[in-house]
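This report concerns only the one structure given below.
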Amino acid sequence: MIAFIFRVVINALALAAAAWVVPGITVTTAPSTDATLGVVLAYLVVGLVFGLVNAVVKPIVSLLSLPITCLTLGLFTLVINAAMLMLTSWLTQYLPMGLHVDRFFWDAIIGSVIISIVSALMGWAAPAKR
């Protein structure tokens with residue numbers, strides 16, 4: 001359970017980094033009396049949805065797109081990651097807080113690269129599970 005919560009926090013921080021760097025990615029805050037609590041809650045919920053999308057949908061899409069991924073020497077993985085970010089954006093539009101990505105080509109692809117780098121660095125720096 002601790003590993004799951006830690007993974008959600010890493011996703012939330014990676015999404016915050018992407019929203020900070022890429023102007024086309026925004027996170028709408030949760031309605032709350034405290035502004036900071038609303039922002040933190042919004043990033044945690046979006047991180048949870050993003051983690052669920054990556055755990056459930058991404059393996060299926062990766063398996064189905066394996067031939068084109070091999071043909072492009074793995075570069076199609078960037079498109080898959082951007083598609084998962086866009087799917088998260090679409091799913092969270094039905095929540096009171098959510099993620100919004102303006103354009104697929106630049107915003108989602110650059111955002112997915114940033115999220116992948118931040119997640120990898122934070123996951124590498126985390127203590128190993130025993």
Let me have the donor-acceptor pairs involving side chains of residues 114-123, under 3.5 Å, with sequence neighbours excluded, atom names and distances please.
| from | atom 1 | to | atom 2 | distance (Å) |
| --- | --- | --- | --- | --- |
| Ser116 | OG | Ser112 | O | 2.8 |
| Ser119 | OG | Ile115 | O | 2.9 |

Please enumerate all residues that pass side-chain hydrogen bond (donor to acceptor under 3.5 Å, both in side chains) together with Asn81, with sequence neighbours excluded. Lys58
With sequence neighbours left out, which residue pairs that include part of residues 35-54 fulfil the side-chain hydrogen bond (donor to acceptor under 3.5 Å, both in side chains) condition? none
Sequence neighbours left out, what pairs pass salt bridge (Lys or Arg N to Asp or Glu O under 4.0 Å) with at least one residue falling in residues 68-96? none
Non-hydrogen atoms of Thr92 and Ser89 that approach each other most closely: OG1-O, 3.3 Å
Are Val27 and Met97 packed together at the side-chain level, in the sense that at least one heavy-atom pair is separated by less than 4.5 angstrom? no
Name all pairs fulfilling the salt bridge (Lys or Arg N to Asp or Glu O under 4.0 Å) condition that reach into residues 106-123, sequence neighbours left out, sorted by first residue then second. Arg103-Asp107
Who clusters with Leu64? Use side-chain heavy atoms, under 4.5 angstrom, across I, L, V, M, F, W and Y, and order the result by chain and number. Ile60
Out of curiosity, does Leu95 fall in the hydrophobic cluster containing Leu37 (side-chain heavy atoms, cut-off under 4.5 Å, transitive links)? no
Non-hydrogen side-chain atoms of Met84 and Val57 separated by less than 4.5 Å: yes
Side chain to side chain contact (heavy atoms under 4.5 Å, CB included) against Phe4, all qualifying residues, sequence neighbours excluded: Val8, Leu48
Under the side-chain hydrogen bond (donor to acceptor under 3.5 Å, both in side chains) definition, can you give me all pairs with a residue in residues 5-33, not counting sequence neighbours? none
Between CZ of Phe50 and CG of Leu91, what distance do you get to the nearest 0.5 Å? 12.0 Å
Which residues pass the ring pair (Phe, Tyr, Trp, His ring centres under 6.0 Å) test with Tyr94, not counting sequence neighbours? Trp90
Would a single hydrophobic cluster contain both Phe104 and Val113, if residues Ile, Leu, Val, Met, Phe, Trp and Tyr are joined by side-chain heavy-atom contacts under 4.5 Å? no
Mind listing the closest non-hydrogen atom pair of Gly111 and Leu85 along with its distance? C-CD2, 4.2 Å
Under the ring pair (Phe, Tyr, Trp, His ring centres under 6.0 Å) rule, collect the residues that match up with Trp106, sequence neighbours excluded. none
Pairs under 3.5 angstrom only: tabulate donor-acceptor contacts from the side chains of residues 71-79 to other protein residues two or more places apart or in another chain.
| from | atom 1 | to | atom 2 | distance (Å) |
| --- | --- | --- | --- | --- |
| Thr72 | OG1 | Ile68 | O | 3.0 |
| Thr72 | OG1 | Thr69 | O | 3.3 |
| Thr72 | OG1 | Phe76 | N | 3.2 |
| Thr77 | OG1 | Gly74 | O | 3.0 |

